[in-house]
Amino acid sequence: MTVKKTTRKKIAKHWEQLLFSEVNSCCPVCLKFLCYETETHQMRGLYEIAHIYPFSPRPDEEILLRGLERLSDDVDSNDNLILLCRDCHKKFDNPRTIAGYIKMVDLKKKIIKNNSVNYDMYKSQITYQMSIIIDRIKNIDDDDIEQPLNLSAKALNEKIFIKGDKSINNTLRRQIQNNVTYYYQIIESCLRESNFRELDSAEEIAIKIRLYYLTLKRDGMNQSECFKYITEWLYKMTDSNCRTTSEIIVSYFIQHCEIFE
């Protein structure tokens, strides 16, 4: 049951810092930077903490928002708070509108989803062998690429477009296909090398990739989001400094059936 509060709670500093990090230091509406450095090299905030569902709604606001989705019954919950620049906060509150409220709920839901992904990302460790594969791919010359794989585009299209959820567009589909065509055999060769076989690392890597994909799928991610977040996971966990290389690895595991079905 929703409890209507009458005393505004002071937001603890660590929660304020979390809210600041959630929006990557920028207003999520207008992208204005939310702090500045003074002449004395002090950082000053240009933001305000907004309640998505109002802290103490007026009777007309209660009627306006009745039946709409709420992210928490507790108005002071982190799920109901978002950092905005002062201008966007003022526009959001005055006048309050259904469209503005729905937009803010959607923004916060994306933030909550991203927080969940980041939590799962750092629970899922990838072995150092993957870093070796990524380094090798980054340093490959054109002469090192063997005969491109004779990939059946129909098979890949079926996996993405027929069995998939239609979230991957043609540009990304072609990118995945090209990655597989030119790099599949190179990655296979890396996984067959003796130092990987001795540690059963090829199987271990495949299992970890598969488990992380299933975690994202359980959290309601579509195929396009899975591709994005698995790429980001490899990029961050292997210090590859190259997202393109991580995308190549993800494409390999799509073809190898650890990602998607």
Side-chain angles (χ1 to χ4, degrees), residues 1-62 64-125 212 215-216 218-221 225 228-230 232-233 235-237:
M1 184 179 71
T2 303
V3 178
K4 191 168 183 177
K5 296 187 176 183
T6 56
T7 304
R8 193 176 286 266
K9 183 178 75 173
K10 180 175 174 57
I11 305 298
K13 196 65 180 177
H14 63 277
W15 281 112
E16 187 174 322
Q17 291 169 343
L18 175 62
L19 291 167
F20 189 80
S21 68
E22 284 183 344
V23 295
N24 296 317
S25 311
C26 296
C27 175
V29 178
C30 70
L31 304 182
K32 184 186 299 178
F33 201 55
L34 292 177
C35 62
Y36 70 99
E37 186 177 1
T38 67
E39 292 180 355
T40 57
H41 305 293
Q42 300 293 313
M43 296 305 292
R44 292 286 183 267
L46 295 170
Y47 59 82
E48 294 177 348
I49 300 174
H51 286 81
I52 298 173
Y53 186 88
F55 173 81
S56 183
R58 302 186 304 269
D60 62 304
E61 290 179 323
E62 290 185 332
L64 180 73
L65 302 178
R66 186 173 295 158
L68 296 181
E69 179 179 12
R70 291 187 58 174
L71 299 177
S72 175
D73 288 336
D74 181 359
V75 291
D76 282 326
S77 164
N78 179 65
D79 287 351
N80 190 56
L81 301 176
I82 191 167
L83 244 63
L84 301 174
C85 73
R86 292 163 185 165
D87 290 339
C88 289
H89 189 189
K90 184 177 180 180
K91 290 177 184 176
F92 173 57
D93 281 350
N94 300 293
R96 195 171 303 279
T97 65
I98 291 176
Y101 176 79
I102 291 174
K103 178 180 179 180
M104 209 59 64
V105 167
D106 287 343
L107 279 172
K108 187 65 180 188
K109 285 170 73 173
K110 289 178 182 176
I111 289 172
I112 292 170
K113 179 185 279 190
N114 195 56
N115 287 343
S116 175
V117 168
N118 286 336
Y119 176 73
D120 289 333
M121 184 182 295
Y122 289 101
K123 282 199 309 179
S124 305
Q125 300 295 318
Y212 188 55
T215 297
L216 294 173
R218 178 203 65 200
D219 290 341
M221 305 295 172
E225 290 171 323
K228 169 189 171 183
Y229 285 121
I230 297 173
E232 190 70 9
W233 174 54
Y235 173 76
K236 289 182 176 179
M237 300 304 287

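Values below: all heavy atoms of this structure, side chains included; hydrogens, waters and symmetry mates excluded. Remember, it's a predicted structure, so these values are computed and weren't measured experimentally.
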Asker: Enter the distance from K103:NZ to T97:OG1 here, rounded to the nearest 0.5 Å.
Answerer: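 Those atoms lie 10.0 Å apart.
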Asker: Between C26 and N24, is the side-chain contact (heavy atoms from CB on, under 4.5 Å) condition met? List the steps.
Answerer: CA-CA 6 Å; C26 296; N24 296 317; 5.6 Å; no
Asker: Once you round to the nearest 0.5 Å, how far does OG of S56 lie from CD of E62?
Answerer: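 Spacing of OG (S56) from CD (E62) equals 8.0 Å.
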Asker: Could you go step by step and tell me if N114 and E22 meet the side-chain contact (heavy atoms from CB on, under 4.5 Å) rule?
Answerer: CA-CA 9 Å; N114 195 56; E22 284 183 344; over 6 Å; no
Asker: Check whether any side-chain heavy atom of E225 lies under 4.5 Å from a side-chain heavy atom of V117, and answer yes or no.
Answerer: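 Result no, sub-4.5 Å side-chain heavy-atom pair not found.
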Asker: What is the distance from atom CG of D106 to atom CD1 of I111, rounded to the nearest 0.5 Å?
Answerer: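 Rounded to the nearest 0.5 Å, the CG-CD1 separation comes to 11.5 Å.
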Asker: Tell me, with the steps shown, if R96 and D93 meet salt bridge (charged side-chain N to carboxylate O under 4.0 Å, His left out).
Answerer: CA-CA 5 Å; R96 195 171 303 279; D93 281 350; 2.9 Å; yes
Asker: At their closest point, which heavy atom of F92 faces which heavy atom of G100, and how far apart are they?
Answerer: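 Taking F92 first and G100 second, the nearest heavy atoms are CE1-O, 3.6 Å.
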Asker: Any side-chain to backbone donor/acceptor pair from Y101 onto E69? Under 3.5 Å, distance only.
Answerer: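 Side chain of Y101 to backbone of E69, a donor-acceptor pair under 3.5 Å: yes, one is there.
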Asker: Taking the side chain as C-beta and beyond, is there a heavy-atom pair between K91 and V29 under 4.5 Å?
Answerer: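 Sidechains of V29 and K91: no contact.
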Asker: Ignoring hydrogens, what is the shortest heavy-atom contact between V75 and R70? Give both atom names and the distance.
Answerer: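 Shortest heavy-atom contact: CG1-NH2, 3.5 Å.
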Asker: To check you understand the geometry: which heavy-atom pair defines the closest contact between G45 and R86, and what is its length?
Answerer: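 Smallest heavy-atom distance, with atoms named: O-NH2, 3.2 Å.
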Asker: Could you pull out the closest heavy-atom pair between D79 and K108, with the gap in Å?
Answerer: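 Closest approach of D79 to K108: O-CG, 3.4 Å.
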Asker: Looking only at atom types and distance, does a side-chain atom of N80 sit under 3.5 Å from a main-chain N or O of Y53, one as donor and one as acceptor?
Answerer: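 At least one qualifying donor-acceptor pair exists.
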Asker: Would you say the side-chain atoms of K113 pair up with the backbone N or O of D219, donor to acceptor, closer than 3.5 Å?
Answerer: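 No, the answer is negative, given that no donor and acceptor are paired below the 3.5 Å cut-off.
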Asker: Go through E16 and K13 one step at a time and tell me if the salt bridge (charged side-chain N to carboxylate O under 4.0 Å, His left out) criterion holds.
Answerer: CA-CA 5 Å; E16 187 174 322; K13 196 65 180 177; 3.7 Å; yes
Asker: Can you confirm whether M104 sits close enough to I82 that some side-chain heavy atom of one is under 4.5 Å from a side-chain heavy atom of the other?
Answerer: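 They are in side-chain contact.
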Asker: Which atoms form the tightest heavy-atom contact between C27 and L84, and what is the distance?
Answerer: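 Nearest heavy atoms, C27 then L84: SG-CA, 4.2 Å.
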Asker: Are any non-hydrogen side-chain atoms of L83 and I49 less than 4.5 angstrom apart?
Answerer: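 Of all side-chain heavy-atom pairs linking I49 with L83, at least one is under 4.5 Å.
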Asker: With side-chain contact (heavy atoms from CB on, under 4.5 Å) as the criterion, how do H51 and L81 come out once you've worked through the C-alpha distance, each side chain's angles and the decisive distance to 0.1 Å?
Answerer: CA-CA 5 Å; H51 286 81; L81 301 176; 3.5 Å; yes
Asker: Looking at every heavy atom in both L107 and P28, which two are closest together, and how far apart are they?
Answerer: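 Heavy atoms only, the tightest pair is CD2-O, 4.0 Å.
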Asker: As a quick check of understanding, evaluate side-chain contact (heavy atoms from CB on, under 4.5 Å) for F20 and S25, giving each step before the final call.
Answerer: CA-CA 6 Å; F20 189 80; S25 311; 3.4 Å; yes
